[in-house]
Structure formats: C-alpha cells, structure tokens
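Shown next, in structure tokens, is the structure this report addresses.
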Number of protein chains: 2
Amino acid sequence: MVRMTPPKPSLEMLRTLTDENVLRSLMAHPRLTRAEISARTGISKPTISDSVQRLAGAGLVVDTGERTTGRGRAGSYYSLSPLLGAALVAAITPHGVVAEAVDALGHVHGRVRTALEANAGSQVAAEALVTAAGQLAGRIPGRLRLAVVSAADPVDRGTGRLVHLPDAPFLVGDLDPATVLATTVSGPVLVDNDVNWAARAEHQAGCAKGVDDFVYLHLGQGLGCAVVSDGVVRRGHRGLVGEIAHLCTAGPDGLAMAFTEVFAVLGLRRPSSTAIDVPVLQELLARHDEQAERVRAVLVRAIGGVLSAAVSLADPRMVVIGGEWGPYPGLITAIDEHFSRTPRPVPLTAAVLSSPELTGARSRAVEELRSLIVRTARPAPEA
Amino acid sequence: MVRMTPPKPSLEMLRTLTDENVLRSLMAHPRLTRAEISARTGISKPTISDSVQRLAGAGLVVDTGERTTGRGRAGSYYSLSPLLGAALVAAITPHGVVAEAVDALGHVHGRVRTALEANAGSQVAAEALVTAAGQLAGRIPGRLRLAVVSAADPVDRGTGRLVHLPDAPFLVGDLDPATVLATTVSGPVLVDNDVNWAARAEHQAGCAKGVDDFVYLHLGQGLGCAVVSDGVVRRGHRGLVGEIAHLCTAGPDGLAMAFTEVFAVLGLRRPSSTAIDVPVLQELLARHDEQAERVRAVLVRAIGGVLSAAVSLADPRMVVIGGEWGPYPGLITAIDEHFSRTPRPVPLTAAVLSSPELTGARSRAVEELRSLIVRTARPAPEA
DNA sequence: ACCTTTAGGCAAGAGCCCTTACTAGAATGG
DNA sequence: CCATTCTAGTAAGGGCTCTTGCCTAAAGGT
C-alpha cells in the first residue's frame, strides 16, 4: 500500500527541502562553496545563500575559512559542523568486539578492537562494548548520536535483543545492546545479525552489487542466511529470516532432516554444542580420501536442499556464499555442479569482502546518521 | 538505500501537492464540497478553491450540480470526472476468464464471465480476455487506462508473460496479456499469478489484515505460495517467489524429495500431468480408513517441511492456507498439530476470502489507476 | 422577520524561490 | 601597473502559493 494521504503543502516544507538539499550535498562532498551547491542541486544561488545562512546560524554548517583558488573571485568553503556528531558502529562476535565511529561524511574516526577469550560470556562482551564506545566518544568532536550493532546471533526485530533459538548455537549470548549503550549513545541503537549486515555490504559494494534480489548463505560456526528482496535485507516478523538451522533438507541416505541435524549426524558439531566444528570441517574439506568425499557429497546435497528452499521462496538472481568454511574453493564448485542439475539453477558466487558485517553496519550507520541530521534541524549540544 | 537526492523545491511542487490532496480526497469520497475538502486535508479554503478551479479546467474534476442541504448556505458538490476512465481487472484460470472494470473510487462497473472448456488452451483464453475487455470498454464512460491481470500460472516479473516451470503444471498456458490487451487498454498491463493476488487480498481485508509478514500457502491443482514481507508481496528476481514445486521436503519413509514429487509418489497427480488430482485428493481427505490416514500423515509431514522452509526464510507472523484442498478442516488441524511440535511454530489459519485473486488484483488496479490520475494531473516532465 | 450557521469569495500579507542585474575580488595578460 | 576576464556572492524585483481575516450568500431554525 502506497501512501494514501499526500503531505500537506506549505512554504515551510519548501524551505526544509532546500535545507535538505544543502545538507545532502555537503554529506556527499566534504566542502563546497555556495556556488558549487547551487550548481550541484540546480537551486538558484540566492536561495542556497539563504539556506546556508540559516543552517550556519543553527550550527549545522560552518564556514571553514578556506577559500577557492583559481580564476575569479575566491569563494568561501562551507562544510558540515563537526559538532553534528558521529555514529557508533560495532561488531560483536565470540572472539571479540570491534567498534568504530563514523561521521556523516562516511569517514571513520577511530577503531577499537577488544579480543575476548573463548566462552567469555555476554557479560564480558557487554563490558567490552561499553568500554569501546566510551573510548570512541572521547575521540570525536561531537557525541555519538546513534549506534548500529552487528551481533553473531539472531536478533529480535522488535526489541533488538539477541535471542537463542533451539538447536542453534548461542555464540555471543544474552545481550541487549540498546540498554548497554544507553548512557554512551544519545540516540537509537539498531541491532541486526552479522549475516544480514554482510549481505547488505555485498549488495552495496561486493559481489552482489546492483543485484536487488539475492540470497547470502553463511556457512560458519553457525548456519544462517540473509534474504535481499527488492534491494533491501528482509527481516521478517521477529527478525529471524535466515535462521535455517531447522530447515528441512536431505541428510545421509537421502533422509529428510533439519539442516543442523545433518551436521550432528556427520559428527561435525562441536562436543556438547550445536555449533559447527569449523576446524574439523575445514580439515575434512581439504582431504580427498573416500570418507571425506562421502561426507562432502552429503553436505553438498544438504546445502542443495537449503538452496532449493531459497530459490523457491526468494527467487534470487544469485546466491552468495560466505562464512568461515562456505567459500572453500572445492565446496563451491561442488555445490554449483549439484545445483546446476536442479530444475531452477542460480549462479553461485563466493563472498568477496572482508569484515563484511562491519562494512554493512557502517553503511547503515552513515545513512541513519544523515537522515537523523536532516530530520532534526538542530545542532548537537557540545559534549 | 534511501533516496540520495531530495527533490528540488519549487512552488510548482506545492501546487501539484495541493492538487494531489484534492484528488485523493475525491477518490476516498465520491463527492465533496470545497469546504469539506479543506476540512479533510487541513489546507485552507482559498487554496482548495484555486485547486478545484484548476482541476475543473483541466477536466479532472466536475461540478456535479448537486448542492448540500441542511443548515447554512448550500455548497456545490464536486467529484472526479467520469471521463478519467477505469482499470481492467481480469482473472484467468483454466476454467474461465472473469473480468471487470473498476474506477478510481473503487466502484466496479461491470463484470464479464467466460467459461472455458477444459484444456481449451491459451489461445482461447486470450480471445476470451480480449472479448471481455472489449465489452467492458463499451460500458464505461472513459476508457480503460490500465489492466491488472491474475493468471493461474507463474508470471515473469520482467515481461509479464506466463512461464512454464519444469514439473509444475502449466494451467493457462503460454500467454502474454500485455500484447493481447495492447489495443483495448491504453496504459500499462500488470500481471501476476493468482496466489500473489490472493495474498494481497488476505493482507488487506482477510485473515491477515494488518499482518505485514506472512506466508500464504496455496494447495490446489498447483502448489504455490506467496511471501508477504514488510507489507508487500515479494516477487523476487524473475517473479517466481513461491514456486515451491521443487522445494526439498520429506516424502514417504522420511525420504527427502521435491514437494511435487511427494504427490507423484502418492499417486495424487493427474495422469500424465504434473497437476494435483484435486477430486481424488479431496475424496481421500474425507475418508478415515487406515490407508487414507497414512497418506494424510505423509502429506502433513511434507507440508510441514515446506512450512519449515517458509519459517526459516520468511519468518512469517502467521501462515495462511488457501487453495482448493488446502483449507480442508481436518487437514489444517493436522498440519497445525504437527507444526506446533517443531522448534519454531507459527499460527496457522485458513484463508477466508472467496475469489481472493480478483479482490487482490482489483485493489492493486484501483491503487494504480489513482496514482496514474495523480501523475497525469501534474505537468508533464519535459522530455 | 430575525438569528444562526455554513459555503464560498475577496483582500491583504507573509514567505519562498527565481531571474536579472550588479558588485566584489582574484587571477591573467599585456 | 592596469585592463581584462572570470567567478562568488548580493540586491532588487517579481511571481507564485498559502494563510488569515473579513465579508457576502443562502438555507434552516426560532
């Protein structure tokens, strides 16, 4: 359903729109003269001058003091006020926390890495997150106005909390980023799982660039996937799109079973855990004896079953495979070969980005920060 | 990615927006005085008067000649011009063609039904469609400005043509509604399959009203489903979302096989066809002997496998079951019971609407016609 | 007959954007 | 050194839209 009620027209709306044009121009280009903004937006010079004056008065935009050089009169460069603040981008995995601050221009202002011991627990992760956020907050001129968090666990869409699904590993553990960051970050905290952010990154700058419908299959310690439909990562009602542990597929002897169950039967799960034993699996994928071939064939068919579901329910233009062991060279070609014999084959590609979850979260953070700035025509109070 | 470049502000834009407010008001209410429009939109009376005068001059709006009665000065009623035309809504199944004309108010102006003999072929269906469209075009004051077509086959999203997938029945047959209707309909022809339209209908007015994430499972002669995500029916890259014939699920003896294969093994397909034999299946669902129970158990488990895929990849808030034999009372409760023992159960409901595909297509037609009218009201963007 | 109520019109005013024309200032070229 | 040329920015005026406030017209109630 499209918007039923168009917005009420008013002169204030026009002014706001002009200001938005100016701000967006300065977000795309670090410094511009009023004449350049005018040329870029197609809005007349006097109108731009008015808007810049308004925005400068409100503290959103500052005269940098720099001047143009070259023929003609020197122009004054304007840019976004540094006090507009930044967004926190954080990725939490069982191995550690990575956090950075990013401003409305998309520039990264600092990066903090905290390693975590295995099984350190969500409490420790939460502390590492807060510490990192605090350090970053001290390094930037403004304050942290929002946060975008990637977590290596399913995320409840409504609450932003990490959720534990049956028979799926709970890698990070019970954690509520919004609560944890409430004191350090003044605005909204957006949380999603790493696979979804990775898919976003591959969509914007990776192997799925420009592909508006694709599926990203993550094969690592956990099993997950992301569904990008009409250019957007779809999350579903609770945010659990792509939690494929229980997807019905083919196991050994052609028996139907849950995807995660296949790994259990093959002995590829870590002891007393529902997580995949990645080292064992990688070692197995490297071998070429008969037993390894047999296991690999089972895996390929199981993954094929998952892809048949993805093709049926998402109709992707391509399938991207990522994760710790998914893009293993021999595996992809084997899946591809199996897949090409199915009734609806789809091109298969390995993910190409490193730390895609951070890239994806960062792009969302920049987007969100920009729209926050445009929405609130108000300067961030000094830190 | 949200819009990067906001629209350029101008007074013309305000005027256009005012006109759109007026038109949308008159689309929601058949006749209104200028004062009523003003009250409804919150825009001042003089502005509305200007706009109505403009639109009346352009022929989009007409003074009906009627006047208000009651206290106070009598006001003139205005309404949309009947010459604005209508949209064609058509549903094509192997059994026949149903077509109607609908105007911008959502009123149905005529309905034509043409029965088709079994296996009549797509040629005959195309002729029936053209004939029906021609009849309807003669019954309305304006002309047919667009068409929305429902077809009981998968539809290619890019071309609007019906496509034949391996191992799925090709019920209507090779048909290109856009070409067929080119002479009768002056504008765009939107085509989608009946399951997607049915899901749209259930979303807007049926059992999934207000539910922005759900899955509609169609169990009839063909097997299909629709995925509604974030309030919109998702179609995927080629428009083949929901073509679940090859989805890997559990068959007899717990063997993994394609969904449609289960029916083949159970002997529930029509002879030398990939279509489900609905009468046989219905008869079987009504029986209660041991063999029927056994077959039913297999079906329930197979459908359960499909639903596990839907839950994993779409995370619906609910599952709606429609189709000729899907909403069979005993079947739904059996699926529900089986489903409730899975790790991620989701509420199950039977579809409630009759001819949902027509309802869904009609609502899209009205929406599209309205937006077409609003678009043509604004000055044509120069080439 | 008079009052109340409502639709609609008119006039004044403010705001926003645009065009045109002008001024200011910096590099270039003789 | 001065004139030229080119560009940034400003000023003035105009057109357009929306709003407020007041007025008239017309119908119903008292």
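Chain A is the first sequence line, chain B the second, and so forth, proteins listed ahead of strands; every chain is numbered from 1.
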Any N or O donor-acceptor pair linking the side chain of R73(B) to the base of dA26(D) at under 3.5 Å?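 Not at all, since no donor on one side and acceptor on the other fall under 3.5 Å apart.
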
Let me know the distance between [atom1] of [X] and [atom2] of [N], rounded to the nearest Å.
X: D19(A); N: dG15(C); atom1: CG; atom2: P; answer: 16 Å
X: E12(B); N: dT19(C); atom1: CD; atom2: P; answer: 12 Å
X: D63(A); N: dA8(D); atom1: CG; atom2: P; answer: 15 Å
X: M13(B); N: dT17(D); atom1: CE; atom2: C1'; answer: 14 Å
X: E36(B); N: dG8(C); atom1: CD; atom2: P; answer: 8 Å
X: L17(B); N: dC16(C); atom1: CG; atom2: P; answer: 17 Å
X: R15(A); N: dT17(D); atom1: CZ; atom2: C1'; answer: 14 Å

Contact nearer the 5' end of DNA chain D, comparing A35(A) with R71(A): R71(A)

Whichever of Y78(A) and K8(A) has the more 5' nearest nucleotide on DNA chain D, that residue is Y78(A)

So, E20(B) and R24(B), do they make that salt bridge, N to O below 4.0 Å?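 Looking at E20(B) and R24(B), the cut-off is met.
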
Touch check for [X], heavy atoms < 4.0 angstrom, all strands: base, sugar-phosphate only, or nothing?
X: L11(B); result: base
X: T18(A); result: sugar-phosphate
X: G75(B); result: sugar-phosphate

Does the side chain of [X] reach to within under 4.5 Å of the side chain of [Y], using non-hydrogen atoms?
X: N21(A); Y: I43(A); result: yes
X: V189(B); Y: L146(B); result: no
X: M13(B); Y: L17(A); result: yes

For a quick test of reading the model, state the closest non-hydrogen atom pair linking L84(B) to R145(B) and the distance between them.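 The answer is O-CD, 2.8 Å.
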
Which parts of residues 37-49 of chain B get close to DNA chain D, meaning a heavy atom less than 4.0 angstrom away?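 I43(B), S44(B), P46(B), T47(B), in order of number.
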
When you measure from the centre of the six-membered ring of F214(B), is the NZ or CZ of R317(B) under 6.0 Å away and within 45° of the axis? no

If you only use heavy atoms from C-beta on, which nucleotide in dT17(D), dC18(D), dG9(D) is closest to the side chain of S76(A)? dG9(D)

Where the side chain of R34(B) is defined as all heavy atoms beyond and including C-beta, which of dA8(D), dG8(C), dC17(C) is the nearest nucleotide? dG8(C)

For a quick check under 3.5 Å, do T64(A) and E66(A) share a side-chain donor-acceptor pair by atom type? yes

Take T69(A) and P9(B), find for each the nucleotide of DNA chain C with the closest heavy atom, and name the residue whose nucleotide sits nearer the 5' end. P9(B)

